[in-house]
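Single-structure report; data block below.
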Amino acid sequence: MLDLKQIRENPQYVQDRLNLRGAGQYDIQPILELDQQQRQLEQERSRLQARSNEIAKIIPAKIKQGSDPKGSEILELREEGNKVKTEIGELEPREKELKSQLETLLLALPNLPSETTPIGKNEDDNPEVRRWGEEYKIQHSVLPHWEIGEKLGILNSDRAVKVAQSRFIMLKGAGAALERALISFMLDKQTAAGYIEVLPPLLVNSQSLTATSQLPKFADESFKCQDDDLWLIPTAEVPVTNLYRDEILEASQLPIRHCAYTPCFRREAGAYGRDTKGLIRLHQFNKVELVKFVHPDKSEEEHQALVRDAEAILQALKLPYRVIELCTGDLGFGAARCYDLEVWLPSANKYREISSCSNFRDFQARRGSIRFKEAGKKGTQFVHTLNGSGLAVGRTMAAVLENYQQPDGTVKIPEVLQPYLGREVLYETAT
RNA sequence: GGAGAGGUGGCCGAGUGGUUGAAGGCGCAGCACUGGAAAUGCUGUUUAGGGGAAACUUUAACGAGGGUUCGAAUCCCUCCCUCUCCGCCA
């Protein structure tokens, strides 16, 4: 959520920054008008309430001084109290209504792109920041990972579709073990880098989804439970960020860095026909997520470090990748700044997103009221929240299968994974 | 699912109609004491919104929402959540 005060005081700046996401999409004018009306009502109501409070104090004081509780002086005051109360009763609902409209509009407004975010219309304008591992790109032709997987007998789609629906997959034998090995490896690596592991709830309430900004705008992207106010998490970002919702932290506790392995559930509405095969786009997938709560002064450097921590996994696995920065037109709703890591998928002959590392600044902290107090300073400040995948496990598996595919059809296991898996090569087996 | 208890400040915990934004304690900050520290003593310490250049001022908040009253943390209603016991269960 944007700071209403900022919108009020620098409307042109805010509107200009919002326009960078796509001109004409967002209009702050209605917010400015509602805010104006709301404040006017508040002033009037507040003045009446002050009088009401005054009367409530005068009455017992007069009685103490000897006034007759049933006398005309007291009765008049009571009557005025009633009158004031009636007037307040008329203003209050109007003010509440304005406030709730204002809230609705504010929640629907995305974050402002940072000052350094490259300006552009869509993903075609995302600049490449750096590339890594050109020397590890394989030269021979390869099968797409789902074909490798079926041949090796380590993944099965048909049965998963029978059990659930399309866009579900079942891993088997070495496939299941490889997924588990990747998860363990990533968690070990990230905890060694200073992230404290958490295993959060996989179902969250609406308030949590609102804080991280999946709600209200993206309700149709998540699975919802019918009988409870609970949703399946689309990413560990939601439960982990909400761990500190409505809390006031000590500045000395910052930064807080967490990593979490969770399954993630996404409806992928609007993705019909795209990536229908393999491990790229599923309703359920595993991910190790990195989440940070930091002091605003440190947020930029923590963001850069977060990206490096995600990259470290790809480097350890020797998977070629590139880093791109999302331009203003492609930036996610809550992000002020975002880097994507894209891994090389030889069968497609292109890079595919495997991690998205965003700095939300105080956008989520404001929605979730995640604040901190600085010793000796008055008041509280909002923390900055950051998160990124470290990494998407299914897509990593796909990248491993393809990039480590040998001409003879076998798949080598990356060295760092061998201790986890207890083997060096995957061979074709009868299914 | 059945029965009961409870939700108060950063934390613990008093408070059943009138200066209670809220006793007391812990924690934290400052000062004193000390060579320095501990201990001790004193002082201070909620958040959010509005108005104001500022000093300051005003409103709201004791799980949430409604009601009674001139006045509600305190009384009434509805909802949510937590805990305990029993049942069920990984």
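Since we're looking at a predicted model, the values are computed, not measured. The figures here come from the full heavy-atom set of this structure, side chains too, leaving out hydrogens, waters and symmetry mates. Convention: sequence-line order gives letters A, B, ...; per-chain numbering from 1.
- B/rG41: Watson-Crick or G-U partner is B/rC31, with both key distances under 3.5 Å.
- Atom pair A/Glu374:CD and B/rU46:P shows a separation of 18 Å (rounding to whole Å applied).
- Nucleic acid contact class of A/Lys85 (heavy atoms, under 4.0 Å, all strands): base.
- One distance of note links NZ of A/Lys64 with CD1 of A/Ile59; it measures 14.5 Å at 0.5 Å rounding.
- The side chain of A/Arg39 contributes no N or O atom lying less than 4.0 Å from OP1 or OP2 of B/rU58.
- B/rU47 and B/rG9 have their P atoms separated by 13 Å, given to the nearest Å.
- Residue A/Ser213 holds its OG atom at 5.0 Å from CZ of A/Phe363, rounded to the nearest 0.5 Å.
- At a threshold of 4.0 angstrom between heavy atoms, the contacts of A/Lys96 are confined to the sugar-phosphate backbone, with no base atom among them.
- Nearer the 5' end of RNA chain B, as judged by each residue's closest nucleotide, is the contact made by A/Ala56, out of A/Ala56 and A/Ser46.
- Rounded to whole Å, the distance from CG on A/Leu98 to P on B/rG49 is 18 Å.
- With both ends at atom P, the span from B/rC81 to B/rG65 equals 16 Å, rounded to whole Å.
- Rounded to whole Å, atom C1' of B/rU45 lies 13 Å from atom CD1 of A/Ile248.
- If you check B/rU78 for Watson-Crick or wobble pairing at under 3.5 angstrom, you find it paired to B/rA64.
- Using a 4.0 Å cut-off between charged nitrogen and carboxylate oxygen, A/Lys57 and A/Glu54 do not count as a salt-bridge pair.
- Closest contact between the side chain of A/Thr380 and the listed nucleotides B/rA48, B/rA60, B/rG50 involves B/rA48.
- Rounded to an integer number of Å, the gap from CD1 of A/Ile88 to C1' of B/rC70 is 11 Å.
- Rounded to whole Å, the separation between the C1' atoms of B/rU19 and B/rC70 comes to 16 Å.
- We find that NZ of A/Lys99 is positioned 12 Å from P of B/rA60, with the value rounded to whole Å.
- The pairing partner recorded for B/rC26 is B/rG10, the criterion being a Watson-Crick or G-U wobble arrangement whose two distances lie under 3.5 angstrom.
- Atom CZ of A/Arg245 and atom CG of A/Asn205 lie 5.5 Å apart (nearest 0.5 Å).
- Look at CG on A/Asp246: it is 16 Å from C1' on B/rC62, rounded to the nearest Å.
- For the pair A/Glu247 CD and B/rA48 P, the interatomic distance rounds to 16 Å; values are reported in whole Å.
- Looking at A/Arg352 and A/Asp275, a side-chain N of the basic residue comes within less than 4.0 Å of a carboxylate O on the acidic one, giving a salt bridge.
- B/rA54 and B/rA73 have their C1' atoms separated by 35 Å, with the value rounded to a whole Å.
- Between A/His303 and A/Tyr339, the ring planes are tilted. Angles from 30° to 60° get that label.
- Rounded to a whole angstrom, the distance from the C1' atom of B/rG17 to that of B/rA72 is 6 Å.
- Within 4.0 Å (heavy atoms only), A/Arg51 reaches no atom of the nucleic acid at all.
- Residue A/Gln43 is in sugar-phosphate contact alone, with no base atom involved, counting any heavy-atom pair closer than 4.0 Å across all strands shown.
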I'd like to know whether A/Glu237 forms a side-chain hydrogen bond (donor to acceptor under 3.5 Å, both in side chains) with A/Thr212, so could you lay out the CA-CA distance, the side-chain angles of the two residues, the decisive distance to 0.1 Å, and finally the verdict. CA-CA 8 Å; A/Glu237 163 194 350; A/Thr212 35; 5.0 Å; no
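- A/Arg47 comes within 4.0 angstrom of no nucleic acid atom, judged by non-hydrogen atoms across all strands.
- Searching all strands for a Watson-Crick or G-U wobble partner of B/rC83 with both distances below 3.5 Å returns B/rG4.
- In this pair, A/His283 and A/Phe168 present their aromatic rings tilted. The plane angle is within the 30 to 60° band.
- Pairing for B/rC56 goes to B/rG51, judged as Watson-Crick or G-U wobble with the two contacts each under 3.5 Å.
- Between the C1' atoms of B/rA64 and B/rG7, the separation comes to 11 Å (whole Å).
- Nucleotides B/rC11 and B/rU46 have their C1' atoms positioned 13 Å apart, rounded to a whole Å.
- Residue contacts for A/Ile59: at a heavy-atom cut-off of 4.0 Å it reaches a base atom on one of the strands shown.
- Comparing A/Lys373 and A/Ile55, the nucleotide of RNA chain B nearest to each residue sits closer to the 5' end for A/Lys373.
- One atom, CD of A/Glu42, and another, P of B/rU59, lie 12 Å apart when rounded to the nearest Å.
- The nucleotide B/rC89 finds no pairing partner, because no Watson-Crick or G-U wobble arrangement with both distances shorter than 3.5 Å includes it.
- Between A/Asn53 and B/rG71, a side-chain N or O to OP1/OP2 separation shorter than 4.0 Å is absent.
- When the P atom is compared between B/rG87 and B/rA14, the two are found 31 Å apart, to the nearest whole Å.
- Checked against B/rU59, B/rG18, B/rG10, the side chain of A/Ala50 finds its nearest nucleotide in B/rU59.
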